[in-house]
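The structure under discussion appears below in the form of structure tokens.
We count residues from 1, following the sequence as given.
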Amino acid sequence: MSIQPVDVVYTAVATAENGRDGRVATDDGTLDVVVNPPKEQGGSGAGTNPEQLFAAGYSACFQGALGVVARQAKADVSGSRVTAHVGIGKTPVGGFGLKVEISASIPNVDAATAEDLVEKAHQVCPYSQATRGNIEVTLTVA
């Protein structure tokens with residue numbers, strides 16, 4: 001089942017040149033970075049890479065979703081941090097695939113509440129919805 005937004009309120013636009021060994025920039029110029037494969041993939045590692053950009057976007061989006069569910073639950077998530085680990089590797093059927101670990105630290109709530117909030121954030125986060133059923137996503141609470 002595809003989850004589609006009913007009323008799109010914002011569309012981000014970015015353009016890549018030369019793929020994984022070039023440059024990517026947004027249409028408004030707020031992001032303009034050199035991309036290079038990491039050393040682990042035989043690249044120079046001099047720039048960022050798509051996995052780092054995905055990890056940055058996913059962690060920021062998940063943190064936002066955590067704030068939404070925390071407000072609904074009247075839970076204090078101030079001082080919380082969300083880290084996304086995005087791995088890339090070859091798949092058994094050929095090509096490459098991703099896997100993600102989302103780790104959240106929520107210091108102002110007990111462990112059970114933190115786990116509940118993280119699970120609920122995973123249900124509403126647009127990145128989580130987009131990846132669900134497509135890549136392995138593991139949730140941990142630190």
Heavy-atom check, side chain of F54 versus side chain of I88, under 4.5 Å: no
Verify same cluster id: Y127, V118 (apolar side-chain graph, 4.5 Å): yes
Side-chain touch N18/R23, heavy atoms, less than 4.5 angstrom: no
Residues in side chain to side chain contact (heavy atoms under 4.5 Å, CB included) contact with E115, at least two apart in sequence or another chain: V141
Inter- and intrachain pairs under side-chain hydrogen bond (donor to acceptor under 3.5 Å, both in side chains), touching residues 54-73, at least two apart: Y58-S128, Q63-S80
Side-chain heavy-atom pair V35, N49 within 4.5 angstrom cut-off: no
Gap between atom CG of D76 and atom CG of N108 - 0.5 Å precision: 4.0 Å
Pairwise side-chain contact, V137 with I102, heavy-atom cut-off 4.5 Å (strictly under): yes
Any H85 side-chain heavy atom under 4.5 Å of K99 side chain: no
Joint hydrophobic cluster, V100 plus F96, side-chain heavy atoms closer than 4.5 Å: yes
P50 side chain near R20 side chain, heavy-atom distance below 4.5 Å: yes
Student check: side-chain heavy atoms of D116 and T113 closer than 4.5 Å: no
Any donor-acceptor N/O pair, S103 side chain to T83 backbone, under 3.5 Å: no
Min side-chain heavy-atom separation L66-V68 under 4.5 Å: no
Qualifying residues under ring pair (Phe, Tyr, Trp, His ring centres under 6.0 Å), relative to F62, sequence neighbours excluded: none
Residue pair Q129 / Q123: nearest heavy atoms and the distance that separates them: NE2-O, 3.1 Å
